[in-house]
*Asks:* 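What follows is a structure written as structure tokens; I'll ask about it next.
In what follows, every chain begins at residue 1, and chains take the letters A, B, ... in the order their sequences are listed.
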Amino acid sequence: MLAGVHNSDLKHEYVSSIPLESPYDRQIMKDLSRTFPEHELFKNDAVGQKTLFRLMKAYALHDVENGYCQGMAFVAGILLMQMPEEDAFSVLVTLMDTYGLRGLFMPGVPLVGLGSHQFERLLEQHLPDVATCCKREGVNVSMFLTQWLMTLFAPSLPLPCVFHIMDYILAVGQSPDLYHGFLELFFRVALTLLRDSADEIVALTFDGILMHLKGEMKGRYRWVNTDATSDFNSPNAVSQTLVNSAIGWDLSLSTLNTWEKQYQSEKDLRESKQALIDETMDKRRILQQKGDQLDDSIKTLQARIEQDASGFREKVEKLETQAEEYEQRLDRLRVHNVVLNDLVRIHAEG
Amino acid sequence: MGMNFTQATWFCLDVIILGNSGVGKTSLMNQFVNKKFSSQYKATIGADFLTKEVIVDDRVVTLQIWDTAGQERFQSLGVAFYRGADCCVLCYDVTVNKTFEALGSWRDEFLIQASPRDPDNFPFVCLGNKVDLDQRQVLAQDAQEWCESKNSISHFETSAKEAINVEKAFLEISRAALRQEAEDQAYTNDYSDTIKINSNQSQPQQADSCQC
């Protein structure tokens, strides 16, 4: 079978991880009841939740750098609905490492940013009416594409379509001629979905477009099962048409690579600008601190000058009082002098 | 963000809900918008949004509420949703202390990414959810004190499940967002020579049109 199902090392690794704990156990547990909450296998503490927990934990331990990121559980859930857990583990690891899914979930979620940028350009090129309408209404591609990418359409399409897309990815997603492995296949499906809904989208406004793309559009891809014996979850004519249309797009690898280079250089520029801003902010903060310190020393100096000034004022006042006393004494001496002169005169006359 | 500005007296307000994974952001939004609670919500990947028309102080206002993914790794995706927000709702779970302790960094991260014009006065509203549960870890008083220390953020204890205080909290959120939007428009009008949107001219404080 496909995608490394028979990798016995991975199977062994999975089994031995079962009794272990990972640093992500709490986060994984929180999401168990929130992954396919309406599906038989996972709803209301069903057995699938425990399997999903073991699988996510095993992956978090396998790829310590990646760990667990929300969204992964949907991808893992799709696999668990179709195969035993040890096989699902091998396929998940292969999808992440060989098909390129890992970049979706890594810290900084790099492939989500790149994917949104690339898809915006693809829309402009292949579905210009839809692109114009999204721009007019302020719909940013990342507003719907993030969820589609990180869950491989799981909540947005009926399960037969989700399974069929997964089969399509597993069948050809390893080819070196593809743009980032699974990502090109994802773009093809996403472009098909937008082309199928183009008439609705151009007639809708901002909220309507997002509501449509995040849920309402699901109805279009539902298979009306007329044959009671056929398996509800197996591929059907609708899912087949969807995948066929996806295959039909003519995408240019070299154009995608050129756009990626532009994206990277814009990103580098943005990041170096941000680094410059951060640096400037740091400098400003240091200057602010220095300014504050200077303000403080000025205040101290002013206080000291005022203290000195009031000391001087006191001294002057004291001197003034003294001067007044001397003057009074001088006055008294003058009076004394007059009296003495009179006495001398009287004496001389007598 | 792209909205249709049909009537001159309509405001379209962007509200963003932040907080750790599993505190009930999606449930709070759905209780407010759809008046119902479900234990079957899917984990939010990226961001979801709902809109609702509300009447605040005799004005019809369209709230555009953005519900975000709580795992830290998604923060680098925030920018598209953070920019242009008129009010930021910080959520924690009263039964998990860690979710309350994280509020400071959610607030800081928002201010860095959204870079509002006047960060000190940007409106936040803080919601302590799941008061219907018994195992409380965060005291109302401690939360209240934290909110006071952050320039008097309004604080509500809510239950999305039992619809406790949800309506009241979102009315305050709408009011805060409306004030912020009106101030932003007044600022924009003050500083632009070319565009005058107001019908009653030469009154830059009365921003009466929806232009988000």
*Asks:* Assess whether atom CZ of Arg26(A) is packed by more than 12 heavy atoms of other residues, nucleotides or ligands within 6.0 Å.
*Replies:* no
*Asks:* If we ignore angles and hydrogens, is there a donor and acceptor under 3.5 Å between the side chains of Asp93(B) and Thr99(B)?
*Replies:* no
*Asks:* Please rank Pro107(A), Gly113(A), Gly108(A) by heavy-atom pairs under 4.5 Å with chain B and give me the top one.
*Replies:* Pro107(A)
*Asks:* For Gln27(A), which atoms come within 4.5 Å of any heavy atom of chain B: side chain, backbone, both, or neither?
*Replies:* side chain
*Asks:* Is Thr44(B) in contact with chain A via its backbone, its side chain, both, or neither, using a 4.5 Å heavy-atom distance?
*Replies:* backbone
*Asks:* So for Ser33(A), is it side chain, backbone, both, or neither that comes closer than 4.5 Å to the heavy atoms of chain B?
*Replies:* backbone
*Asks:* With a cut-off of under 6.0 Å to the ring centre and 45° to the axis, is Arg59(B) in cation-pi contact with Phe11(B)?
*Replies:* no
*Asks:* Below 4.5 Å from any heavy atom of chain A, which atoms of Asn20(B) appear? Answer side chain, backbone, both or neither.
*Replies:* neither
*Asks:* Taking every non-hydrogen pair under 4.5 Å, which of Leu149(A), Asn140(A), Val109(A) racks up the most with chain B?
*Replies:* Val109(A)
*Asks:* Non-hydrogen atoms of chain A under 4.5 Å away: do they reach the side chain of Ala43(B), the backbone, both or neither?
*Replies:* both
*Asks:* Give the minimum heavy-atom separation between Leu157(A) and Ile165(A), together with the two atoms involved.
*Replies:* CD1-CD1, 3.6 Å
*Asks:* Please look at Phe74(A) and chain B and tell me whether the side chain, the backbone, both or neither of the residue comes under 4.5 angstrom of a heavy atom of that chain.
*Replies:* side chain
*Asks:* Give the ring-plane orientation class for Phe186(A) versus Phe153(A), where under 30° counts as parallel, over 60° as perpendicular and anything between as tilted.
*Replies:* parallel
*Asks:* Cut-off 3.5 Å, side chains only: do Asp31(A) and Gln70(A) have a donor facing an acceptor?
*Replies:* yes
*Asks:* Please confirm whether Lys52(B) makes a cation-pi placement over Phe32(B), using NZ or CZ under 6.0 Å from the six-membered ring centre and within 45° of the ring normal.
*Replies:* yes
*Asks:* Is it the backbone or the side chain of Phe42(A) that comes under 4.5 Å from a heavy atom of chain B, or both, or neither?
*Replies:* neither
*Asks:* Of the backbone (N, CA, C, O) and the side chain (C-beta and beyond), which part of Lys135(A) lies under 4.5 Å from a heavy atom of chain B, both, or neither?
*Replies:* neither
